[in-house]
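Here's the structure, in structure tokens; my notes come after.
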Number of protein chains: 2
Amino acid sequence: MISLANKKNLKPEDFPPEIEGLRMTRQRREVLAVILRDRDHPTANDVFLRAQKRMPTISLATVYNCLEALVTHNIVRQVNLERESSRYCPNLSDHCHFQDEKSGKIHDVVFKEGVKLEDILELPKGTEVSHLEISLKGIFGK
Amino acid sequence: MISLANKKNLKPEDFPPEIEGLRMTRQRREVLAVILRDRDHPTANDVFLRAQKRMPTISLATVYNCLEALVTHNIVRQVNLERESSRYCPNLSDHCHFQDEKSGKIHDVVFKEGVKLEDILELPKGTEVSHLEISLKGIFGK
DNA sequence: CGGAAATTTGGAATTATTCTAATTCGTAAT
DNA sequence: ATTACGAATTAGAATAATTCCAAATTTCCG
Ligand SMILES: [Mn+2]
Ligand SMILES: [Mn+2]
Ligand SMILES: [Zn+2]
Ligand SMILES: [Zn+2]
């Protein structure tokens with residue numbers, strides 16, 4: 001897994017020509033740059049609006065295509081909260097999502113040292129977890 | 001919280017006139033009975049199809065209305081897995097959902113003895129969790 | 001330079017869910 | 001029983017996120 005999560009002020013043209021086996025086209029670079037710039041879990045439409053600033057000709061269909069490609073290649077994570085539209089997150093480390101009911105903001109939440117979710121669930125022998133999603137809502141402290 | 005989760009073979013007409021402050025109409029009884037009968041996490045449309053068997057005049061809009069009322073009054077739980085249509089679950093105890101990739105079936109999964117999710121997450125002081133959803137996908141053992 | 005393959009694009013299609021406005025129902029008062 | 005009224009149901013239209021489609025463009029390679 002490539003270490004994009006830390007690269008804060010990254011320009012699209014700084015990306016290598018290929019990431020995780022995915023060809024970095026102009027549009028994919030732009031979409032990825034948007035997601036890495038403000039880490040606020042934007043929706044596809046948010047990404048579209050922001051990408052349009054620097055690339056006025058990009059289409060919403062392309063944003064959806066790029067997002068799907070980036071998610072499939074494990075470059076960004078797709079985040080689903082209740083029935084809302086999907087959001088996109090550049091943080092690939094193990095974490096879950098807390099939506100603050102006041103602000104609407106989504107916070108990344110990590111597990112306490114050494115805890116693995118599979119350890120705390122009553123799962124039958126032989127279970128293989130391929131996908132896992134934890135989401136919370138409420139008042140986020142601080 | 002009323003103990004409906006155990007009542008397996010319940011006929012609609014057996015429900016009291018009011019549950020959790022919600023008036024039990026004919027349609028709401030039928031919808032609830034469907035969800036309690038087969039505990040397979042049906043979608044709204046599944047519920048509609050099954051309810052139609054005993055009540056041919058019920059409408060899909062009504063099924064959605066009833067489901068919303070039942071969820072709001074904490075009589076059934078709404079379950080969201082990825083981007084799929086919502087499913088409905090009569091199990092009100094603390095549990096999460098595992099979708100088996102082979103069969104498509106959804107299994108209830110409980111926490112191990114004494115474990116509370118909030119204990120294992122790095123949440124800032126003062127955080128109040130009002131809603132929590134955990135979903136898994138993969139190969140369910142046994 | 002060609003040509004094939006991949007990508008982008010605008011617009012149409014899909015589909016789960018919500019909305020609307022009219023009708024019907026349930027209950028309680030007359 | 002009849003009436004009245006708020007609540008619930010209904011059919012169908014509207015909405016909105018996402019996917020599909022077919023044509024145009026770009027990229028890659030020989
Ligand atoms: Mn906050
Ligand atoms: Mn299984
Ligand atoms: Zn995140
Ligand atoms: Zn369940």
Side-chain angles (χ1 to χ4, degrees), chain A residues 12-13 15-34 41-52 54-73 75-88 104 106, chain B residues 12-13 15-34 41-52 54-73 75-88 104 106:
Chain A
E13 49 276 21
F15 294 122
E18 194 169 302
I19 300 180
E20 298 284 303
L22 180 69
R23 252 180 66 198
M24 280 292 112
T25 63
R26 229 156 49 84
Q27 288 83 347
R28 286 173 186 162
R29 278 168 210 281
E30 186 53 45
V31 165
L32 178 52
V34 164
H41 302 88
T43 64
N45 197 59
D46 293 336
V47 172
F48 173 55
L49 264 23
R50 294 176 199 177
Q52 264 189 327
R54 304 179 95 259
M55 190 182 280
T57 59
I58 197 172
S59 77
L60 180 57
T62 297
V63 170
Y64 272 104
N65 290 341
C66 292
L67 289 170
E68 199 209 319
L70 293 167
V71 168
T72 301
H73 287 74
I75 301 167
V76 309
R77 259 181 74 177
Q78 182 170 14
V79 175
N80 297 304
L81 300 168
E82 313 252 278
R83 305 258 82 220
E84 295 179 12
S85 29
S86 285
R87 296 167 177 279
Y88 297 87
I106 291 164
Chain B
E13 49 276 22
F15 295 121
E18 194 169 304
I19 300 180
E20 300 283 303
L22 179 70
R23 250 182 69 201
M24 280 293 113
T25 63
R26 227 156 49 84
Q27 289 82 346
R28 286 172 185 164
R29 280 168 209 280
E30 186 53 46
V31 165
L32 179 53
V34 163
H41 303 88
T43 64
N45 197 59
D46 293 337
V47 173
F48 173 54
L49 264 22
R50 295 175 198 176
Q52 265 189 326
R54 302 181 96 258
M55 189 182 280
T57 59
I58 197 172
S59 77
L60 180 56
T62 298
V63 170
Y64 271 103
N65 290 341
C66 292
L67 289 171
E68 198 207 320
L70 293 168
V71 168
T72 301
H73 288 73
I75 301 166
V76 308
R77 259 180 75 177
Q78 183 170 13
V79 175
N80 297 303
L81 299 168
E82 314 251 280
R83 307 256 81 223
E84 295 178 13
S85 26
S86 285
R87 296 166 176 279
Y88 298 87
I106 292 163

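By convention in this document, chain letters (A, B, ...) are assigned in the order of the sequence lines, proteins followed by strands, and residues within each chain are numbered from 1. Because the structure is predicted, anything quoted here is derived from the model rather than measured.
Counting to the nearest Å, the P atom of dC28(D) and the CG atom of L22(A) are 12 Å from each other. We find that CD of E68(B) is positioned 13 Å from C1' of dA8(D), with the value rounded to whole Å. Atom CZ in F48(A) sits roughly 14 Å away from atom C1' in dA17(D) (whole-Å rounding). Between the CE atom of M24(A) and the P atom of dC28(D) there is a distance of 13 Å, given to the nearest Å. To the nearest angstrom, C1' of dA7(D) lies 13 Å from CD of E18(B). Atom-to-atom, CG of N65(A) to P of dC20(D) comes out at 10 Å; the value is rounded to the nearest Å. The CG-C1' distance, from L81(A) to dA17(D), rounds to 15 Å in whole Å.
Toward the 5' end of DNA chain C, the nearer of the two residues L60(A) and R28(A), judged by each one's closest nucleotide, is R28(A). Residue whose closest nucleotide on DNA chain C sits further toward the 5' end, between N80(B) and R23(A): R23(A).
Between the side chain of R28(A) and the backbone N or O of R23(A), at least one donor-acceptor pair lies under 3.5 Å. Although no hydrogens or angles enter the test, the distance criterion places no donor-acceptor pair under 3.5 Å between the side chain of T62(B) and the main chain of I58(B).
The residue T57(B) sits close only to the backbone: its heavy atoms come under 4.0 Å of sugar-phosphate atoms, none of a base. Across all strands, R26(B) comes closer than 4.0 Å to no nucleic acid atom at all (heavy-atom distances). If you check every strand for non-hydrogen atoms under 4.0 Å, N45(A) touches nothing.
Rounded to the nearest 0.5 angstrom, N80(A) CG and L81(B) CG are separated by 10.0 Å. For the atom pair T57(A) OG1 and R26(A) CZ, the distance stands at 6.0 Å (nearest 0.5 Å). Going from atom CZ of F48(B) over to atom CE of M55(B) covers 12.0 Å, rounded to the nearest 0.5 Å.
Contacts between chain A and DNA chain C, taken as any atom within less than 4.0 angstrom of a protein heavy atom, begin and end at dA6(C) to dT17(C).
Between T62(B) and dT9(D), a side-chain N or O to OP1/OP2 separation shorter than 4.0 Å is absent. Note on Q27(B): a side-chain N or O is less than 4.0 Å away from OP1 or OP2 of dT10(D). Close to dT18(D), at under 4.0 Å from its OP1 or OP2, lies a side-chain N or O of S86(A). Under 4.0 angstrom from either OP1 or OP2 of dT9(D) there lies at least one side-chain N or O belonging to T25(B).
Salt bridge absent: R29(A) and E13(A) never bring a charged side-chain N and a carboxylate O closer than 4.0 Å.
The closest side-chain heavy-atom distance from L67(A) to Y88(A) is below 4.5 Å.
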